[in-house]
Amino acid sequence: MNIPQDLHYTKDHEWIRYEGDIAVVGITDFAQGELGDIVYVDVNTVGSEVKAGDVFGTVEAVKTTSDLFMPVDGEVLEVNESLNSNPEQVNNDPYGNGWIVKIRPTGGGKENLIDAAAYGALVGA
Amino acid sequence: MSLKRAALFDTHQKLGAKIVTFAGYEMPLRYTSDIEEHQTVRKGVGVFDVSHMGEFVLTGPHALDLIQYVTTNDAASLYDGKVQYSCLPNGKGGIVDDLLVYRINKESYMLVVNASNIDKDWAWISSYNKWGVQMENISDDVSLFAVQGPQAAAALQSLTSVDLHNMEYYTFKRTKFAGVDNIIISATGYTGSGGFEIYVPNSHALHVWRHIFEAGKTYDIKPVGLAARDTLRLEMGFCLYGNDIDDTTSPIEAGLSWITKFNKDFIDKPLLEKQKNEGTARKLVGFQMLERGIPRAHYTLHNQAGEIVGEVTSGTQSPSLGVGIGLGYVQTSYSKAGTTVFVAVRDKKIPAQIVKLPFYKKG
């Protein structure tokens, strides 16, 4: 199972990567494996501020549906439009082309993030 | 509660299966991808381990009397080697379980029931056994492999002298298979793509599994998990007990009139006959999403005015059709093919159209 060292994680199986003022958010390799084939991703919060732990969207797999939780407080800036035609990128490349949203963190809610080692322990890797 | 494992649990783990607990059994959910495994069965041949299913053998001069009384279909129409889909009414117009009835000979039958209902079915059927029919629960001794898909007959033919290409649908043979005697080869399945279900004693399960994969190698045979089994059956509109039928749904509402025969006496006959003649207030229907969205069990169904007119019982994204499909109960006035209903998916109401089953038509 792939758990990159340089990312931060939530206990709800999202990852976040800081890139200057903004951050990229997706779901982990473990999460995509649990969900199975992803059919599409629904994000209806672009332009909104969402608190850490609140739902910012939903991922629909063939078998199941799962909410997406904001890792930290922030404004949702952009959704990965390429997932509309290629949702399988979330399965094949969850930390790269399968990213889900870009956000502008507003500073709060970071205390619940965990590092790669802690996330690995959580999922039994 | 202790979990039961298929005899081939270790084999599935080595194949990389994601294992889930289903009805108290640890079973393979998927090996690689739900969509790929689904297409393997639609286009080639795949193998499911469905050993969690239950098997009862009923024997004696009155075995048929007991079966006739507890099931809805007419088991008297069976002949040796013939299989029938049926259900067990629960005395209140609901369904205890759906099942297959195999006639081995006129005094011996095998009933194949859902894993989650083995204990309940056993107790239920036993409670009506006033004829002293000998009942044996062989569920823990039998493995069951469903080899399904258009290439199933070709893939398995080298393992048996039975002409698999010409076996009639819903018939079975007890014969030598992969060198093992007394294996049941049944031309049945839950996928709509044809194929066979192979009943094997646990002691020979690994041997038979290996031979199936060896024989099917040139047909690119692959293991398939329970996730794909669900999408395959749903594309055909086949009911799943616990979702689409249960103790609160009647076989008539569920569209199972075709297995409810009133030429014999059975539990709930008067009630079900009345429903058949007078109609029911709700019906199980298939519907297809008209816009992007995936229906899931327990989502509500609405009319144009927003009123609740039904509830989803099963739903998925159809891998064959590329759209959301579902089964659900609706008020009968909304059950006609072509009717538009709205599925409440989170904060949206997404239009869907009632369609005739199956969703997936061959070719």
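We name chains A, B, ... by the order of the sequence lines, and we start the count at 1 in each one. Quick caveat: nothing in here was measured; it's all calculated off a predicted structure.
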Tell me which donor-acceptor pairs, judged by distance alone and kept under 3.5 Å, run between chain A and chain B, one pair per line.
residue, atom, partner, partner atom, Å
Gly33(A), O, Arg30(B), NH1, 3.1
Glu34(A), OE1, Lys18(B), NZ, 3.0
Glu34(A), OE2, Lys18(B), NZ, 3.2
Asp37(A), OD1, Ser33(B), OG, 3.2
Asp37(A), OD2, Ser33(B), OG, 2.7
Asp37(A), OD2, Asp34(B), N, 2.9
Asp37(A), OD2, Ile35(B), N, 2.6
Tyr40(A), OH, Gly293(B), N, 3.0
Tyr40(A), OH, Ile294(B), N, 3.2
Val41(A), O, Arg292(B), NH2, 3.4
Asp42(A), OD1, Arg292(B), NH2, 2.7
Asp42(A), OD2, Arg346(B), NH2, 3.4
Thr58(A), OG1, Arg346(B), NE, 3.2
Glu60(A), OE1, Arg296(B), NE, 3.3
Glu60(A), OE1, Arg296(B), NH2, 2.6
Glu60(A), OE2, Arg346(B), NH1, 3.3
Glu60(A), OE2, Arg346(B), NH2, 3.1
Ala61(A), O, Arg296(B), NH2, 2.6
Val62(A), O, Arg296(B), NH1, 3.0
Val62(A), O, Thr316(B), OG1, 2.8
Lys63(A), NZ, Asp230(B), OD2, 3.0
Thr64(A), O, Arg296(B), NH2, 2.9
Thr65(A), OG1, Arg346(B), NH1, 3.4
Asn84(A), OD1, Arg292(B), NH1, 3.4

Checklist outcome for this item: Among Ile294(B), Leu29(B), Ile35(B), Val20(B), the residue with the most heavy-atom pairs under 4.5 Å to chain A is Ile294(B)

Next on the checklist: Can you confirm whether more than 12 heavy atoms, excluding those of Asp6(A), are under 6.0 Å from its CG atom?
Outcome noted: yes

Next on the checklist: Need one label for Val62(A): side chain, backbone, both or neither, based on atoms under 4.5 Å from any heavy atom in chain B.
Outcome noted: both

Under 3.5 Å, sequence neighbours excluded: what are the donor-acceptor pairs made by side chains of residues 118-125 of chain A?
residue, atom, partner, partner atom, Å
Tyr119(A), OH, His13(A), ND1, 2.6
Tyr119(A), OH, Thr28(A), OG1, 2.7

Next on the checklist: Need one label for Leu35(A): side chain, backbone, both or neither, based on atoms under 4.5 Å from any heavy atom in chain B.
Outcome noted: backbone

